[in-house]
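Heads up, the thing below is written out as structure tokens.
First the proteins, then the strands, lettered A, B, ... as listed; each starts at 1.
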2 protein chains.
Amino acid sequence: MEFEQLADVLKALGDTTRLKIVALLNIRDCCVCELVPLFGISQPAVSKHVSRLKSVGLVKETRKGMWVFYSLNKEKLKEIGFALTQLPDLTNELKQLEKKGLLVKCQSRS
Amino acid sequence: MEFEQLADVLKALGDTTRLKIVALLNIRDCCVCELVPLFGISQPAVSKHVSRLKSVGLVKETRKGMWVFYSLNKEKLKEIGFALTQLPDLTNELKQLEKKGLLVKCQSRS
DNA sequence: TCTAGAAATAACAATATGGTTATATTGTTG
DNA sequence: CAACAATATAACCATATTGTTATTTCTAGA
């Protein structure tokens with residue numbers, strides 16, 4: 001996974017409210033009206049949080065009449081956890097820089 | 001791991017520059033003067049990014065004469081990846097709310 | 001002790017974030 | 001169609017974030 005993409009998802013997860021929403025959706029699907037009273041913030045605020053999670057692919061929505069049920073994309077969450085253990089390998093990039101003499105090594109190195 | 005703590009670390013990782021720094025430190029320790037030319041931002045900017053990673057425990061520093069070498073806390077990074085697969089279980093909290101009649105269920109539920 | 005290099009801190013500017021209230025949209029129902 | 005419920009969007013505000021330049025701190029060495 002690319003750095004920017006991964007950083008975007010991590011940033012989306014890097015908020016207590018959104019992280020709790022994700023943990024809740026991990027137990028069961030919820031609609032916005034169920035989430036609102038749990039967080040002590042306004043309905044639009046919850047709506048925006050959920051929307052942000054959706055925009056990075058962590059959450060899917062299903063309309064059921066008046067309600068929109070949000071569910072966790074568990075595969076995506078697993079992917080992210082895995083990506084942290086397998087960060088993009090920059091070894092080749094570093095070697096490229098070294099070839100071009102662009103890799104700075106500070107004087108303390110042998 | 002608590003939600004706020006976890007969210008703080010994820011937020012620290014949720015920035016392209018910091019994520020790349022982490023990936024670099026995953027290969028080898030670096031001092032600030034080596035990182036600066038790789039990112040096209042000023043030395044104080046890099047210093048602040050590294051400092052932020054340090055403040056959430058992702059990075060450790062070792063002074064070697066004039067230089068400060070930063071190294072990745074690989075255990076911590078693993079922990080975070082694992083925490084995403086084992087998010088704090090809110091089942092009990094939900095049951096507590098249910099007992100007290102504070103758990104809202106929207107009308108679409110049976 | 002004086003100078004120079006590496007890194008950190010301070011002060012500031014531009015933009016992003018996360019909340020609010022008000023309003024629009026979408027779907028249900030009388 | 002009118003009225004209402006659930007969400008989404010718009011406009012706005014306060015604060016946080018991320019960068020800058022200038023300055024300070026810490027260490028090494030002449």
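Note on A:Tyr70: only backbone sugar-phosphate atoms sit closer than 4.0 angstrom, heavy atoms only; bases stay farther off.
Between A:Ser42 and C:dT20 there is a side-chain polar atom (N or O) within less than 4.0 angstrom of OP1 or OP2. Here B:His49 reaches the OP1 or OP2 of D:dG19: one of its side-chain N or O atoms lies under 4.0 Å away. Taking side-chain N and O atoms only, A:Ser47 has a distance below 4.0 Å to OP1 or OP2 of D:dA8.
Atoms CD (B:Glu61) and P (D:dT27) sit 11 Å apart, rounded to a whole Å. Rounded to whole Å, the distance from CG on B:Asp8 to C1' on D:dA16 is 13 Å. The CD-C1' distance, from A:Glu34 to D:dA5, rounds to 14 Å in whole Å. One interatomic measurement links the two molecules: CD of A:Gln43 to P of D:dC4, which rounds to 18 Å at whole-angstrom precision. Regarding A:Leu53, its CG atom lies at a distance of 14 Å from the C1' atom of C:dG18, rounded to whole Å. If you measure from atom CZ of A:Phe69 to atom C1' of C:dG27, you get 14 Å, rounded to the nearest angstrom. Here the C1' atom of nucleotide C:dG19 and the CG atom of A:Leu35 are 17 Å apart, to the nearest Å. When rounded to the nearest whole Å, the span between CG of A:Leu13 and C1' of C:dT17 equals 16 Å.
Nearest heavy-atom pair, A:Glu61 versus A:Val68, reported as atom, atom and distance to 0.1 Å: CB-CG1, 3.7 Å.
Counting only heavy atoms from C-beta on, A:Lys48 has its side chain closest to D:dA11 among D:dA11, D:dT20, C:dA8. Comparing D:dT20, C:dT28, C:dG18 against the side chain of A:Met66 picks out C:dT28 as the nearest. Picking from D:dG19, C:dT9, D:dT18 the nucleotide with the shortest atom distance to the side chain of B:Arg18 gives D:dT18. Checking C:dA7, D:dG19, C:dG18 against every side-chain atom of B:Ile41, the shortest atom distance belongs to D:dG19. The nucleotide whose nearest atom lies closest to any side-chain atom of A:Val68 is, among C:dA7, D:dT7, C:dG19, D:dT7. Residue B:Trp67 places its side chain closer to C:dA6 than to any other of C:dA6, C:dA10, D:dG19.
Nearest-nucleotide positions on DNA chain C for A:Arg52 and B:Pro44 put B:Pro44 closer to the 5' end. Where A:Lys11 and A:Arg63 meet DNA chain D, the nucleotide closest to each residue was compared, and A:Arg63 sits on the side nearer the 5' end.
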task: Please report the C-alpha distance between B:Leu72 and B:Leu53 in whole Å, then the side-chain angles of each, then the deciding distance to 0.1 Å, and finally whether the side chain to side chain contact (heavy atoms under 4.5 Å, CB included) criterion is met.
output: CA-CA 9 Å; B:Leu72 183 61; B:Leu53 291 171; over 6 Å; no
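Contact of the B:Trp67 side chain with the B:Cys33 side chain is registered, since non-hydrogen atoms from C-beta on lie closer than 4.5 Å. Looking only at side-chain heavy atoms (C-beta outward), B:Val36 and B:Val32 come within less than 4.5 Å of each other.
With hydrogens and angles disregarded, no donor-acceptor distance shorter than 3.5 Å links the side chain of B:Arg18 to the backbone of B:His49.
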